[in-house]
Protein chains: 2
Amino acid sequence: MVSKVNEYENGLHHFENACRQNGLSITPQRIAIFKELASSSEHPSAAVIFRKIREYYDNISLDTVNRTLLTFHEIGLAKVVESSGDPKRFDPNLALHHHFRCVKCGKIVDFENAAYDALEIPRAIQKKFVIREKRVHLEGFCDTCRSPDG
Amino acid sequence: MVSKVNEYENGLHHFENACRQNGLSITPQRIAIFKELASSSEHPSAAVIFRKIREYYDNISLDTVNRTLLTFHEIGLAKVVESSGDPKRFDPNLALHHHFRCVKCGKIVDFENAAYDALEIPRAIQKKFVIREKRVHLEGFCDTCRSPDG
DNA sequence: AATTATATTGGACTAAATCCTATGTGTCAA
DNA sequence: TTGACACATAGGATTTAGTCCAATATAATT
């Protein structure tokens with residue numbers, strides 16, 4: 001088992017490599033944004049990350065946070081979570097996994113499932129499209145919002 | 001096999017019943033919005049539907065289109081499609097089906113698949129949450145946008 | 001046809017996201 | 001270590017989605 005510290009340093013290492021390989025400079029802003037995203041588990045929006053970083057980094061701009069998160073997505077450091085119409089939300093978890101989303105409070109919960117992972121892409125789809133992501137998406141009410149009208 | 005006309009009239013019938021059962025009056029606006037949505041297959045946003053209806057209904061308001069589409073969702077006449085951060089998009093197809101979404105042009109394609117339909121909800125999830133929707137979500141490049149940089 | 005509760009309009013407002021340009025700063029090479 | 005340059009950021013302006021509100025209009029019911 002790997003210690004938290006090492007996981008964290010591996011993460012930063014990965015981040016720096018990805019930047020270098022894509023010709024992006026390693027700026028304090030990008031580091032802060034990466035750290036914030038990597039340590040989050042609630043699939044934060046750009047605004048949420050922006051507000052957190054602002055607590056200690058007093059003049060980072062929202063535009064930078066937005067732009068950087070999209071860049072992270074492009075170079076494979078983050079995923080954009082499906083979230084029908086609300087602000088974009090980002091996911092540092094690059095491993096194959098699945099989502100439950102509460103239609104009431106918007107919470108998104110990751111879960112793993114071997115059967116879901118094993119799903120094959122239908123022939124017809126595979127022939128026509130290039131598939132980059134495969135995910136089962138469940139929707140409903142979370143434990144807190146359980147009752148539809150609660 | 002049912003004729004197009006009958007399918008269509010069944011649709012309208014279903015719409016009117018759903019309204020009545022939910023104490024909603026049947027207004028020309030709602031009829032127009034329902035017809036437009038029901039006859040669409042590209043998972044339109046409120047803005048798209050608004051613009052189409054405007055062609056013949058010159059003073060319907062965008063607010064009404066938005067509000068009505070959300071109402072349709074609430075009373076089970078439409079679904080809101082997962083679409084990571086872009087404007088909400090609506091789906092008249094109430095049957096269990098799955099989605100491919102092009103990350104480049106945003107096109108969303110419905111498809112059917114028996115194996116996907118048959119997926120069971122994991123115990124742990126079922127215990128904790130109330131599941132209302134289950135869908136496989138594929139993402140990548142469509143036939144038109146096939147090449148990642150094209 | 002009158003009544004009433006509900007719906008719509010259009011403009012104002014809020015919030016997300018992007019664009020723009022002047023300024024600032026990593027990076028690389030000497 | 002420094003200097004030069006390409007790249008990145010800040011902050012304000014702009015665009016776009018979406019919602020709110022109050023006045024008006026209208027569908028449903030009697």
Side-chain angles (χ1 to χ4, degrees), chain A residues 12 15-37 43-54 56-75 77-78 80-90 103 106, chain B residues 12 15-34 36 43-54 56-75 77-78 80-90 103 106:
Chain A
L12 265 193
F15 157 74
E16 292 185 0
N17 282 341
C19 285
R20 274 193 266 273
Q21 280 166 26
N22 289 277
L24 302 177
S25 30
I26 294 165
T27 66
Q29 291 90 338
R30 285 186 178 143
I31 293 172
I33 294 164
F34 179 79
K35 282 186 184 175
E36 209 55 69
L37 178 65
H43 309 82
S45 66
V48 166
I49 290 189
F50 172 69
R51 282 194 292 269
K52 277 202 184 170
I53 296 179
R54 267 280 167 130
Y56 54 88
Y57 190 144
D58 64 351
N59 77 328
I60 196 170
S61 79
L62 177 57
D63 190 21
T64 295
V65 175
N66 253 305
R67 196 169 9 83
T68 300
L69 287 168
L70 292 175
T71 303
F72 285 175
H73 181 218
E74 277 169 27
I75 67 175
L77 279 176
V80 179
V81 169
E82 59 279 357
S83 65
S84 68
D86 307 305
K88 275 197 183 61
R89 291 171 64 177
F90 297 86
V103 297
Chain B
L12 265 193
F15 157 74
E16 292 185 0
N17 283 341
C19 285
R20 274 193 267 273
Q21 281 167 26
N22 289 276
L24 301 176
S25 32
I26 294 165
T27 67
Q29 292 90 338
R30 285 185 179 144
I31 293 171
I33 295 165
F34 179 78
E36 208 55 67
H43 310 81
S45 64
V48 166
I49 290 189
F50 173 68
R51 282 193 292 267
K52 277 202 183 170
I53 295 178
R54 267 280 167 129
Y56 55 89
Y57 192 143
D58 65 350
N59 77 328
I60 195 169
S61 78
L62 177 57
D63 190 19
T64 296
V65 175
N66 253 305
R67 197 170 5 86
T68 301
L69 287 167
L70 291 175
T71 303
F72 285 176
H73 181 219
E74 275 168 28
I75 68 176
L77 278 176
V80 178
V81 168
E82 63 281 6
S83 65
S84 69
D86 308 303
K88 274 195 184 61
R89 290 172 62 178
F90 298 87
V103 296

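Please read these numbers as outputs of a predicted model, since none were measured by experiment. First the proteins, then the strands, lettered A, B, ... as listed; each starts at 1.
Nucleic acid contact for B:Thr27: sugar-phosphate only, since backbone atoms but no base atoms lie under 4.0 Å from a heavy atom of the residue. A:Ser61 comes within 4.0 angstrom of a base, heavy atoms only. If you check every strand for non-hydrogen atoms under 4.0 Å, B:Ile60 touches sugar and phosphate atoms only. Among the protein residues, B:Arg67 comes within range of the nucleic acid bases, having at least one heavy atom under 4.0 Å from a base atom.
Atom CD1 in A:Ile31 sits roughly 9 Å away from atom P in C:dG26 (whole-Å rounding). Protein atom CG of B:Asp86 is 12 Å distant from nucleotide atom C1' of C:dA16, rounded to whole Å. As rounded to whole Å, 20 Å separates atom P of C:dA5 from atom CG of B:Asn22. Going from atom CZ of B:Phe50 over to atom C1' of C:dT8 covers 12 Å, rounded to whole Å. Between B:Leu70 atom CG and C:dT8 atom P there is a gap of 13 Å when expressed in whole angstrom units. Spacing between atom CG of A:Asn66 and atom C1' of C:dA15 amounts to 12 Å, rounded to whole angstrom units. Straight-line distance from the CZ atom of B:Arg54 to the P atom of C:dT8: 14 Å, rounded to whole Å.
Listed nucleotides: C:dT27, C:dT9, C:dG10. Nearest to the side chain of A:Ile26: C:dT27. Nearest nucleotide to the A:Lys88 side chain, out of C:dT27, C:dT9, C:dA17: C:dA17.
Only one option out of A:Ile49, A:Ile33, A:Thr68 pairs with A:Ile60 in a side-chain contact (heavy atoms from CB on, under 4.5 Å); it is A:Ile33.
The aromatic rings of B:Phe34 and B:Phe15 lie parallel to each other, their planes meeting at an angle below 30°, with 60° marking the opposite boundary.
In terms of phosphate contacts, A:Gln29 brings no side-chain nitrogen or oxygen within less than 4.0 Å of OP1 or OP2 of C:dG26.
Of the two residues contacting DNA chain C, namely B:Arg30 and B:Asp63, the nearest-nucleotide position lying further toward the 5' end is that of B:Arg30. When the nearest nucleotides of DNA chain D are assigned to B:Pro28 and B:Ala46 by heavy-atom distance, the more 5′-ward of the two goes with B:Ala46.
Annotation: side chain of B:Thr64 is in contact with side chain of B:Ser61 (closest heavy-atom distance under 4.5 Å). Within the 4.5 Å cutoff, the side chain of B:Gln29 has no heavy atoms near those of the B:Val65 side chain.
There is no side-chain donor-acceptor pair under 3.5 Å between B:Arg30 and B:Thr27.
Of all the heavy atoms in A:Ala78 and A:Leu37, the pair that sits closest is CB-CD2, 3.6 Å.
You can see that DNA chain D meets the heavy atoms of chain A within a 4.0 Å-exclusive cut from D:dA8 to D:dG11, reading 5' to 3'.
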